[in-house]
There are 2 protein chains.
Amino acid sequence: MKSKILKYLSKYTEITEQLENAINESAYFKSYKKGDILLKEGDFSNECYFILEGCIRSYFVKDGEEKTIEFYTEEEVVTPSNIGKSTPSQYFLECLEDTVVNVGNPALENEMYQKYPQLESLSRVIAEVILTKQQESYTAFKSSTPEERYLQLLKTRPNLLQRASQYQIASYLGIRPESLSRIRKRLINK
Amino acid sequence: MKSKILKYLSKYTEITEQLENAINESAYFKSYKKGDILLKEGDFSNECYFILEGCIRSYFVKDGEEKTIEFYTEEEVVTPSNIGKSTPSQYFLECLEDTVVNVGNPALENEMYQKYPQLESLSRVIAEVILTKQQESYTAFKSSTPEERYLQLLKTRPNLLQRASQYQIASYLGIRPESLSRIRKRLINK
DNA sequence: TTAACTTGTTGACTTAAGTTAAGAAGTCAA
DNA sequence: TTGACTTCTTAACTTAAGTCAACAAGTTAA
């Protein structure tokens, strides 16, 4: 299990023995069942998650509708935006499948950053990489039609379509379930 | 001038004397004229910018159309996503007004991070804050209609509508200029 | 000072997403 | 096993964005 995190981090930096020790030292796991809620709207949050196995969905409720913000799968990091803050969460985190995560928390992390400055450097690099990727997604979303967005999702994360229900995917694409259904039909007839 | 950066950074951390020295030591300014291009598609990039005065727009060209990615104004940071990398830029950076920036570069920054680890810690915090803000914008965009997006822009960045032309704003909102024109008309009649 | 270009508006038409309602198929639990 | 619920699809209709074309006003440059 531990090796999965090290494998992930090694994409960004050389894993020194010291860093490996730091990671192993702080490793702490949790398992959740399908349907479990990790965070509710209004909750305070003190944990972030690195997914080892499974799928987590973030969403909020607007006009009585669930709006999916993001799907997180293996080897991705879920950081509640209110983590360590005294502000309540604006959204929910829900397991779409049985899920195993590595749990982190700000206090531990700050302690680790003190002990192993290389780790904070790594966090900065990863935050910047994720920021860039997200900027690209956002831009692509803006300049695409719903149909193009769906095709893009098919291409880049095909397994999501097996793991999430259609109305969850629809709100992730910024459209209604009926529209997604029609888009799929349209594409089959092409 | 320098104080503007320190004021910005002080929102995130205590400015120690050491940090102040670090910033002043690396301060390096440039001025651009309205219409100047700071970065072209295909270019390599080795600079990032902190805007002291003025406005910068990032955009790319798709199907012969300029698609605005983002507008950056005073006290915001513009970091080309290919900075320090050997990949060409996917987009342009253009000054919408006469603009004064503080210039940074990866080599200098890494050097500074070595000398002043507090600075790297600060960069991590800022990257995480920007990431969270961007996630929120992205989510709001997805779950809004074009009209709602325009109203939101009016509310949060009203001065942008004076600083950028309507077709630039339109593509930023993910719609065509004609549609923005109609939305504005619709809203006046309300 | 004209001619060319840019910017924003408007109109007519097309296209596709939103809305509402109904129903089919599958899942789950009493 | 039956009834309730969830998920997805379909149809009819409404709404608004996209497309194409024309034009007015302002700006720029020869």
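Please read all numbers here as calculations on a predicted model, not as lab measurements. Naming convention: chains lettered A, B, ... in sequence-line order (proteins, then strands); numbering from 1 in each chain.
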Spacing between [X] atom [atom1] and [N] atom [atom2], to the nearest angstrom:
X	N	atom1	atom2	value
A:Ile175	D:dT15	CD1	P	21 Å
A:Lys34	C:dC28	NZ	C1'	12 Å
B:Lys142	C:dG18	NZ	P	14 Å
A:Leu187	D:dT9	CG	C1'	15 Å
B:Ile169	C:dT7	CD1	P	13 Å
A:Glu147	D:dG18	CD	P	15 Å
A:Glu148	C:dA16	CD	P	11 Å
A:Leu173	C:dA17	CG	P	11 Å

Report yes or no: do A:Ile51 and A:Phe29 belong to one cluster of Ile/Leu/Val/Met/Phe/Trp/Tyr joined by side chain heavy-atom distances under 4.5 Å?
no
Using only side-chain N and O atoms of [X], determine if any of them is under 4.0 Å from OP1 or OP2 of [N].
X	N	answer
B:Ser165	C:dT7	no
B:Lys185	D:dA16	no
A:Ser181	D:dC8	no
B:Gln166	C:dT9	yes

Can you tell me which residue among A:Asn46, A:Asp43, A:Leu39 is in a side-chain contact (heavy atoms from CB on, under 4.5 Å) with A:Pro80?
A:Leu39
Nearest to the [X] side chain among [options], which nucleotide is it?
X	options	value
B:Arg186	D:dT19, D:dA17, C:dA17	D:dA17
A:Ile183	C:dG8, C:dA17, C:dG18	C:dA17
A:Arg176	C:dT7, D:dA11, C:dG18	C:dG18

What does D:dA11 pair with, Watson-Crick or G-U, if both distances are under 3.5 Å?
C:dT20
Under 3.5 Å for both donor-acceptor distances, Watson-Crick or wobble: does D:dA30 have a partner, and if so which one?
C:dT1
Whether the side chain of A:Thr13 engages the backbone of A:Leu9 through a donor-acceptor N/O pair (distance < 3.5 Å, no angle test) should be reported.
no
Mind checking whether A:Arg182 and A:Pro146 have side chains closer than 4.5 Å, heavy atoms only?
no
List the steps, then state whether ring pair (Phe, Tyr, Trp, His ring centres under 6.0 Å) holds for B:Phe71 with B:Tyr172.
CA-CA 9 Å; B:Phe71 297 103; B:Tyr172 181 60; 5.0 Å; yes
Have a look at A:Pro146 and say if it touches a base, only the backbone sugar-phosphate, or nothing, with a 4.0 Å heavy-atom cut-off.
sugar-phosphate
Any N or O donor-acceptor pair under 3.5 Å from the base of C:dG8 to the side chain of B:Arg182?
no
When only distance counts, do a donor and an acceptor, one from the side chain of B:Arg184 and one from the base of C:dG8, lie under 3.5 Å apart?
no
